[in-house]
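Read through the structure below, which is laid out as structure tokens, and then see the notes.
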Amino acid sequence: MHELNFIPLPNVHIKNRGAQLDILTGDIETEFGLARSAWCDDCLLFLGFYDGDEVSGWFDLKKRFTHANWSISNDRVVELYRQFCHQPKPSAWIIGTEFQMEVWQAICQIPEGNTVSYSQLAVNIKKPKAVRAIGSALGANNIAYWVPCHRAVRSDGSLGGYRWGLSLKAKMLSVEATGL
DNA sequence: TGTGGATCTTGTT
DNA sequence: AACAAGATCCACA
């Protein structure tokens with residue numbers, strides 16, 4: 001269904017914690033629940049599910065972009081997200097190390113309805129022993145759902161972990177498997 | 001079923 | 001430069 005176009009965020013913005021960066025934030029109601037989003041130049045920068053609590057909603061964003069210029073508009077963000085969803089290959093700013101990018105690219109190869117084990121992913125990126133690190137890298141991804149981290153499960157068939165909550169992971173997998 | 005060691009990356013000190 | 005903590009895995013009891 002969805003392929004994502006990775007645009008690496010310029011290093012200077014990461015280094016300076018978002019100084020001189022104009023970031024628009026707002027909440028959207030998705031199929032899987034309330035999510036906070038952040039945008040830069042109309043391009044998605046962050047999407048994370050949360051419980052509606054302001055503190056947890058800001059936590060990740062303020063930590064990484066401490067010095068950014070913030071503005072807030074739910075209406076605008078809802079519109080941006082609508083457009084985002086309608087694109088054949090939507091674009092998103094990506095922030096991460098080389099290794100993390102590799103892992104995220106790898107998980108994006110797994111088609112909807114499928115799952116992979118963390119160890120299979122490790123093989124796919126040619127670092128078969130880096131199994132544990134794969135899990136960490138997946139958990140560091142900033143674009144929930146669109147970087148389909150929920151498709152990574154343990155090799156014994158159990159669910160493993162999920163940054164946004166295990167019940168959500170289970171729900172996503174069941175929706176993708178059955179279409180319900 | 002559970003525990004311990006192996007293994008790799010990252011953030012923190 | 002060293003260390004501890006992870007969304008793991010495998011062997012072995």
Side-chain angles (χ1 to χ4, degrees), chain A residues 1-4 6-19 21 23 30-38 44-53 55-68 92-178:
Chain A
M1 158 195 172
H2 54 248
E3 218 181 319
L4 205 52
F6 284 26
I7 306 176
L9 190 71
N11 259 322
V12 57
H13 290 135
I14 301 168
K15 242 193 196 167
N16 300 346
R17 305 258 152 152
L21 206 57
I23 303 182
T30 76
E31 176 183 3
F32 297 104
L34 180 68
R36 173 144 297 178
S37 68
L44 186 61
L45 177 67
F46 175 92
L47 182 70
F49 298 98
Y50 82 118
D51 54 10
D53 175 64
V55 175
S56 62
W58 281 110
F59 187 78
D60 289 311
L61 285 170
K62 286 285 177 73
K63 190 163 107 184
R64 206 179 274 275
F65 302 107
T66 320
H67 305 112
W93 295 111
I94 297 295
I95 312 150
T97 65
E98 286 293 317
F99 177 79
Q100 289 168 338
M101 304 256 193
E102 269 189 280
V103 173
W104 300 335
Q105 296 280 8
I107 193 66
C108 282
Q109 308 296 310
I110 307 306
E112 190 175 340
N114 289 51
T115 60
V116 239
S117 66
Y118 294 94
S119 62
Q120 181 58 241
L121 277 177
V123 170
N124 290 356
I125 66 165
K126 306 212 163 44
K127 298 196 178 174
K129 306 270 179 73
V131 186
R132 206 101 166 30
I134 297 270
S136 308
L138 288 175
N141 151 59
N142 281 318
I143 315 285
Y145 180 68
W146 295 87
V147 176
C149 294
H150 54 280
R151 297 186 193 141
V153 296
R154 294 218 184 112
S155 50
D156 66 3
S158 61
L159 266 188
Y162 192 58
R163 174 174 170 190
W164 315 107
L166 267 186
S167 59
L168 198 48
K169 182 176 189 174
K171 186 174 172 189
M172 286 179 180
L173 288 177
S174 118
V175 166
E176 292 193 347
T178 66

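Model, not experiment: these values are computed from the prediction. Proteins get letters first, then strands, A, B, ... in listed order; numbering begins at 1 in each.
Heavy atoms of R154(A) sit under 4.0 angstrom from primed sugar atoms or phosphate atoms, though from no base atom. Within 4.0 Å of A133(A), counting heavy atoms only, lies at least one base atom of the nucleic acid. In this structure, S136(A) reaches the bases: a heavy-atom distance under 4.0 Å links it to at least one base atom across the strands shown. As judged by a 4.0 angstrom heavy-atom cut-off over every strand, G139(A) is placed among the base-contacting residues.
Of the possible polar contacts, none joining the Q120(A) side chain to the S117(A) backbone as a donor-acceptor pair under 3.5 Å is found. Not a single donor-acceptor pair under 3.5 Å links the side chain of W104(A) to the backbone N or O of A140(A). Here the side chain of R17(A) pairs no donor or acceptor atom with the backbone of H67(A) at under 3.5 angstrom.
D156(A) places its CG atom 12 Å from the C1' atom of dT1(B), with the value rounded to the nearest Å. Taking atom CG of residue N141(A) and atom P of nucleotide dT9(B), one finds them 19 Å apart after rounding to whole Å. As a whole-Å value, the separation of K127(A) NZ from dA6(B) C1' is 17 Å. The distance from atom CE of M101(A) to atom P of dT10(B) is 11 Å, rounded to the nearest whole Å. Atom CD1 in I14(A) sits about 13 Å away from atom P in dT10(B), given to the nearest Å. What separates NZ of K126(A) from C1' of dC8(B) is a distance of 18 Å, to the nearest Å. The distance from atom OH of Y118(A) to atom P of dA6(B) is 24 Å, rounded to the nearest whole Å. One can place NZ of K129(A) at 18 Å from P of dG5(B), the figure rounded to the nearest angstrom.
Once rounded to the nearest 0.5 Å, the distance linking CG of L9(A) with CG of N142(A) reads 10.0 Å. In this structure, CD1 in I125(A) is found 4.5 Å from CZ in F99(A), a value given to the nearest 0.5 Å. Rounding to the nearest 0.5 Å gives a distance of 10.5 Å between CD of Q100(A) and CD1 of I94(A). M172(A) contributes atom CE, which lies 8.5 Å from atom CD of E31(A) (distance to the nearest 0.5 angstrom).
On the nucleic acid side, DNA chain C has its first and last nucleotide under 4.0 Å of a heavy atom of chain A at dG6(C) to dC10(C), going 5' to 3'.
Remark: DNA chain C takes part in the stems B:1-6 with C:8-13, B:8-13 with C:1-6, each of 3 or more antiparallel Watson-Crick or G-U pairs, criterion distances under 3.5 Å.
Across all non-hydrogen atoms, the minimal contact from P10(A) to W93(A) is CD-CZ3, 4.1 Å.
Put simply, the residue from F32(A), Y162(A), W164(A) that forms a side-chain contact (heavy atoms from CB on, under 4.5 Å) with H150(A) is Y162(A).
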